2 protein chains.
Amino acid sequence: MMRNRDENKKDAILEHALKTIVQKGFDGLSMQKLAKAAGVSPATIYIYFKDRDDLLVQLFEVHMTNYFGYIMRGLDPEMDFATGLKTQWRNRADFVMKHPDVAHFMEHFTYTPLHYQVVKKIKGNATGNAMSRFVQKAIRDKQLVAMPIEVYWSVAFAPLYNLLRWNKIGNNMAGEKFKLTDEMMEQTLALVLKALKP
Amino acid sequence: MMRNRDENKKDAILEHALKTIVQKGFDGLSMQKLAKAAGVSPATIYIYFKDRDDLLVQLFEVHMTNYFGYIMRGLDPEMDFATGLKTQWRNRADFVMKHPDVAHFMEHFTYTPLHYQVVKKIKGNATGNAMSRFVQKAIRDKQLVAMPIEVYWSVAFAPLYNLLRWNKIGNNMAGEKFKLTDEMMEQTLALVLKALKP
DNA sequence: TGTAAGTGAACGAACGTTCATTTATCTTTG
DNA sequence: CAAAGATAAATGAACGTTCGTTCACTTACA
C-alpha cells in the first residue's frame, strides 16, 4: 500500500551532518547544504526529522547508544577491578581512536543547549547501571576505595579522555605539538589504579 | 583631533556575546541581535571587530588571558608539591564557580574550528612555563613521579574539571542529579595526590 | 490504485556586513 | 580661551545572500 522509507537516506543525512559539524561547527551546518551533500532534497530531511534541533538530538542519541554498547564489550561483572578498568580504558580509547569525529561531536554537543533535553532521557540506562554495579562490587571486595560514583568516574576516566582530546587536536594545554603513545596511556592508567586501589 | 573609542561599548558587546553563546549556543548568536542587546548599532561592532569570527576569537583570548592570570595566584615556585597543587585546585575551582559562564564558553570554544587558530598563539606563554618549572622542580625534589607534562596535567586536573562540569550541568554521567561538595573535592584531590606522589 | 516517500521551487525571515550620514571630541587657530 | 576645523566614532537603514521550512506536485512501491 505504501512506499517504504529508504533508511540509507536517513543515514546519509546523519553522516554528512556529523562531518560538517566537526569541520565547520554547529553554525556551519545548514539544512540546504546538508541536503545537497547527502544527495537528497531539503524537504526529504523533514520526512525523517521534525526540524533542525530534532536532527541534532537524534544524531547525538544514535551515537551515544552505539558508544554505550561499545564500551561495555568484554566486560564481565565478575572481573577483578584492575582488569575491568583496563578493559574499559581499552574500549573507550579504541572507540575514540577509530571514530575521532564521533567522539568530537559527542563532546561538543555536551556544551550545546540541546544537551539539556537529552540528559534527562539517559537516566537509568543499562550502561550506567552496569558501571554502578561494577564499582560497588569492587568496593565490597576491597579492591577499590569507597567513594561516590562521580569521584570514581572523574579519577578513573577524565585523565584518559583528556589525553585522547589533546591527541586529536595534536596539541597539549600549552599549544605544543602532542601525540599520545601507548606508553603514556599505560603510565596514566597505572597512576589512576594507584589512586583508586586501597 | 580624533574622537576616542568608548571601551565600555566593546565590553558590553563581548559581555552579551558570552551570555548569548552560553544560553543559545554559537548558532544562537547573531550580530544584529547582539547589537541590540549591547545597546549599540550593528555597524559599531565592526569598528571593534573585523568580523564575527574575530569577535569570537577575541572573546576567547580575553578570558583565557584573564584565567591564566587567575590560576597562578598565590603560587610560589618554592612551594612543596602538595601545597602547590592544592593552591592550583583552589584557584581553578574558585574561578569556575565564580564565573561558570566564562568557563562554559571557554570549554565550548575548544570544540570549535576557530580554536585551531588560537592554539598556535598560546605557545610559550608565561603560565605554561611556570607550570612546567613547578613540575620539573617537584620531580627533582622527589615529590612527584617522573612523567610527561601531559600525563601530569591529565591526572592532576582533568578529574577536577570533570567534577566542576557536572556540577554546572547539575547531572552526572548517568543523568542523575549531582551537586559537588567540598568534601568530594577534597577526597578527589587526595586521590590525585596519592597517584602523583612517589 | 492508494498511499506515503520523495522532490524542486519557493516562502518570508533573518543573516553578516556595508554605506552614507551624523555626532562627539580632539587639535589648531585667532 | 572660545570658535573653527579635522578626524574618527557611532549610527540606522539598507544591501544581497542564505537561512529553516513548506507547498504543490511527482514517483515508486505494497
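Naming: A, B, ... by sequence-line order, numbering from 1 per chain. Nothing here was measured: the structure is a model prediction, and the numbers come from that model.
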Which part of the nucleic acid, if any, lies within reach of B:Y48 when heavy atoms closer than 4.0 Å are counted: base, sugar-phosphate only, or nothing?
-> sugar-phosphate

Let me know the distance between [atom1] of [X] and [atom2] of [N], rounded to the nearest Å.
{"X": "A:I47", "N": "D:dT26", "atom1": "CD1", "atom2": "P", "answer": "16 Å"}
{"X": "B:N4", "N": "C:dT25", "atom1": "CG", "atom2": "P", "answer": "9 Å"}
{"X": "B:E7", "N": "D:dA9", "atom1": "CD", "atom2": "P", "answer": "10 Å"}

Name the atoms and distances for all side-chain donor-acceptor pairs under 3.5 Å in residues 21-38 of chain A, with sequence neighbours left out.
from, atom 1, to, atom 2, distance (Å)
A:D27, OD2, B:R52, NH1, 2.9
A:D27, OD2, B:R52, NH2, 3.3
A:S30, OG, A:K33, N, 3.1

List, one per line, each side-chain donor-acceptor pair under 3.5 Å for residues 94-104 of chain B, sequence neighbours excluded.
from, atom 1, to, atom 2, distance (Å)
B:K98, NZ, B:Y70, OH, 3.2
B:H104, NE2, A:Y111, O, 3.1

Show me the donor-acceptor pairs, under 3.5 Å and distance only, between side chains in residues 185-194 of chain A and residues at least two apart or in other chains.
from, atom 1, to, atom 2, distance (Å)
A:Q187, NE2, B:A146, O, 3.2
A:T188, OG1, A:M184, O, 2.7
A:K194, NZ, B:A195, O, 3.1
A:K194, NZ, B:K197, O, 2.6

Which pairs pass ring pair (Phe, Tyr, Trp, His ring centres under 6.0 Å) with one or both residues in residues 160-179 of chain B, sequence neighbours excluded?
-> A:W153-B:W166, B:W153-B:Y161

Value rounded to 0.5 Å, distance of CG in B:L160 from CZ in B:R92 = 8.0 Å

For residues 103-115 of chain A, the salt bridge (Lys or Arg N to Asp or Glu O under 4.0 Å) pairs (sequence neighbours left out) are none

According to the salt bridge (Lys or Arg N to Asp or Glu O under 4.0 Å) rule, which pairs have a member within residues 175-185 of chain B, sequence neighbours left out?
-> none

Let me have a per-nucleotide readout for nucleotides 11-22 of chain C, 5' to 3', with B, S or -, counting only protein heavy atoms under 4.0 Å.
-> ----BBBBB---

By ring-ring contact (aromatic ring centres under 6.0 Å, His included), which residues pair with B:H115, not counting sequence neighbours?
-> B:F60

Among residues 109-118 of chain B, which residues get a heavy atom nearer than 4.0 Å to DNA chain D?
-> none

What residues form a salt bridge (charged side-chain N to carboxylate O under 4.0 Å, His left out) with A:K10, not counting sequence neighbours?
-> none

Name every residue in residues 8-17 of chain A that has at least one heavy atom under 4.0 Å from any atom of DNA chain C, in order of residue number, or write none if there are no such residues.
-> A:K9

Residues in side-chain hydrogen bond (donor to acceptor under 3.5 Å, both in side chains) contact with B:E61, at least two apart in sequence or another chain | B:K121

